[in-house]
There are 2 protein chains.
Amino acid sequence: MSTLTPAGPAAAVSKSEQAYETLKERITSGSLVPGYRLVLSTIADELGFSVVPVREALRRLEAEGLVTFERNVGATVAGVDAMLYLHTMQTLSVIEGAATALAAPLITAEDITRARYLNRELRACLENFEPARFSRINNDFHAILYGHCPNPHILDLVHRGWNRLSAMRASTFDLVPGRARQSVEEHEKLLALIESGADLHEIEMAARAHRTATLNAYMAQQNQPPSAI
Amino acid sequence: MSTLTPAGPAAAVSKSEQAYETLKERITSGSLVPGYRLVLSTIADELGFSVVPVREALRRLEAEGLVTFERNVGATVAGVDAMLYLHTMQTLSVIEGAATALAAPLITAEDITRARYLNRELRACLENFEPARFSRINNDFHAILYGHCPNPHILDLVHRGWNRLSAMRASTFDLVPGRARQSVEEHEKLLALIESGADLHEIEMAARAHRTATLNAYMAQQNQPPSAI
DNA sequence: ATGTACGAAATCGTATACGATCCATCATGG
DNA sequence: CCATGATGGATCGTATACGATTTCGTACAT
């Protein structure tokens, strides 16, 4: 159909890319709940594409762990259970710790200032009980800390981890009430560590512990053993 | 063509899967050199498939970093430069360190025995100067150490890292002559650490340092600064 | 009533077709 | 001689078509 529309000034991005972005947004935003069945023809019709680019988009999402694929059956939005959450958080703790350490020497004074500002906003969210906004600002805060990581592979893995997490409702701090407040305190310590030019290994372990603590709070609530590392 | 062959008893694996495996094998084995142009129609003709499954396979390989894709231009086998090697090794050092630590409590006495055997084989390779065999056995050795890692995401990332490395000729120890011998020594220490039930953090850092040392030997040879972590 | 066999509908996997885009080559003008 | 624009071929991106497979409902036998 689009091929019969020569008026089109050449799509800036391919349709597979568009389908990929659209679906990723819907999954990470939670408008597509885990377990939801992603039928090729349905999605294609809705987007006005053929099934081919949609198929490719689903494959990419599968590679990132946002959907699961079963041959001759189809794709579904990846579900969440305690085990998947553990594995995702554990992986992210390792990767994000390394990314934060690698980025630390490249952090500017402006970054620190902005991070401090965001952390005050986080505190305000606690007072006003705005969990959704808390999650959003929390993302921004950490993005500042690991954003300068000079290793693109590690940075990519961090982004994938965050995407997976945001696709899980368990990622919000709703489930572990007390944790959010403690998290804000740890942010301040982490900033002080980076600001003082601490040893990279120390920064890595602090960033990792910050995430592991959230994970373990959840695991304890589920009567499960904590993460081994 | 296959659709006109109803005699086919239903392929056990899809053609995209076959194309993926075939191409991955060729790239990691080095029979497709970096920079090689991967033309859809050519590959499709050679495998006897249509371009659609081949296209999907290339996309998957792109997600793993084995090929690079450029819109409306095509795919090429991912090239290697010092920077890419640094990033890949650095990522793998972090991930494999974590995987080895997580797997350590699950290592059996048989695993240790087999790892010791392989390390003796590695020593023999040094004497007889068999670099190809050394690389192969080195893979097996480490696969034993991280193989029991209970976190499938981390395990998957380790495998991807090894795949990327084996696609680089720089991964062989050819380029850093003295390193192979030292590596064998470190293997023994790593085994002793795991066997003694050492702290997981200590094991993680030893496994990471083992890889970082190889990376830094290469970096020093290239007159480049060592890895920050 | 329950389990099994069969058939239809839904959906996926892949082949083919063709427009869209890029790149190299060559002609043309300065 | 070099810069610039036109032209053709190579290759990609996507629509459409259809066989293959799974799934689910229904009828039948036990």
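Given the structure is predicted, the values throughout are model-derived calculations rather than measurements.
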Taken to the nearest whole Å, CD/A:Glu17 to P/D:dC12 is 18 Å
Rounding to 0.5 Å, atoms CD (A:Glu46) and OG1 (A:Thr42) come to a distance of 9.0 Å
Can a side-chain donor-acceptor contact be found between B:Ser227 and B:Thr212 if the only test is distance below 3.5 angstrom? no
B:Glu56 atom CD is separated from D:dT14 atom C1', nearest whole Å, by 14 Å
Any side-chain N or O of B:Ser50 below 4.0 angstrom from OP1/OP2 of C:dT14? no
In whole angstroms, the gap separating P of D:dT14 from NZ of A:Lys15 amounts to 7 Å
To the nearest angstrom, the CZ-P distance between B:Phe49 and C:dT14 comes to 8 Å
CD of B:Glu62 to OG1 of B:Thr76, rounded to nearest 0.5 Å, is 10.0 Å
note: A:Arg37, atom CZ; C:dT11, atom C1'; distance rounded to Å ~ 7 Å
ask   = Across the strands shown, which category fits A:Leu58 at heavy-atom distances under 4.0 angstrom: base, sugar-phosphate, nothing?
value = nothing
A:Leu40 atom CG is separated from D:dT22 atom P, nearest whole Å, by 16 Å
Notebook entry, point to check: Would a 4.5 Å heavy-atom cut-off, applied to side chains only, mark A:Glu17 and B:Arg71 as touching?
Noted result: no
message = By the 4.0 Å heavy-atom rule, please label B:Val39 as base, sugar-phosphate, or nothing.
response = sugar-phosphate
When B:Thr42 and B:Val51 are each assigned the nearest nucleotide of DNA chain D, the 5'-most assignment goes to B:Thr42
B:Pro53 has its side chain closest, among D:dG13, C:dT14, C:dT11, to C:dT14
Comparing A:Arg55 with B:Glu70, nearest DNA chain C nucleotide closer to 5' gives the residue A:Arg55
The residue, A:Asn72 or A:Ser16, whose nearest nucleotide of DNA chain D is more 5′ is A:Ser16
For this session: Take A:Arg164 and B:His153 through the test side-chain hydrogen bond (donor to acceptor under 3.5 Å, both in side chains) and record every step on the way to the result.
Result: CA-CA 12 Å; A:Arg164 294 179 77 140; B:His153 298 162; 2.7 Å; yes
Between CZ of A:Arg71 and P of D:dT23 the distance, given in whole Å, is 13 Å
When all nucleic acid strands are considered with a 4.0 Å heavy-atom cut-off, which category describes A:Val73: base, sugar-phosphate, or nothing? sugar-phosphate
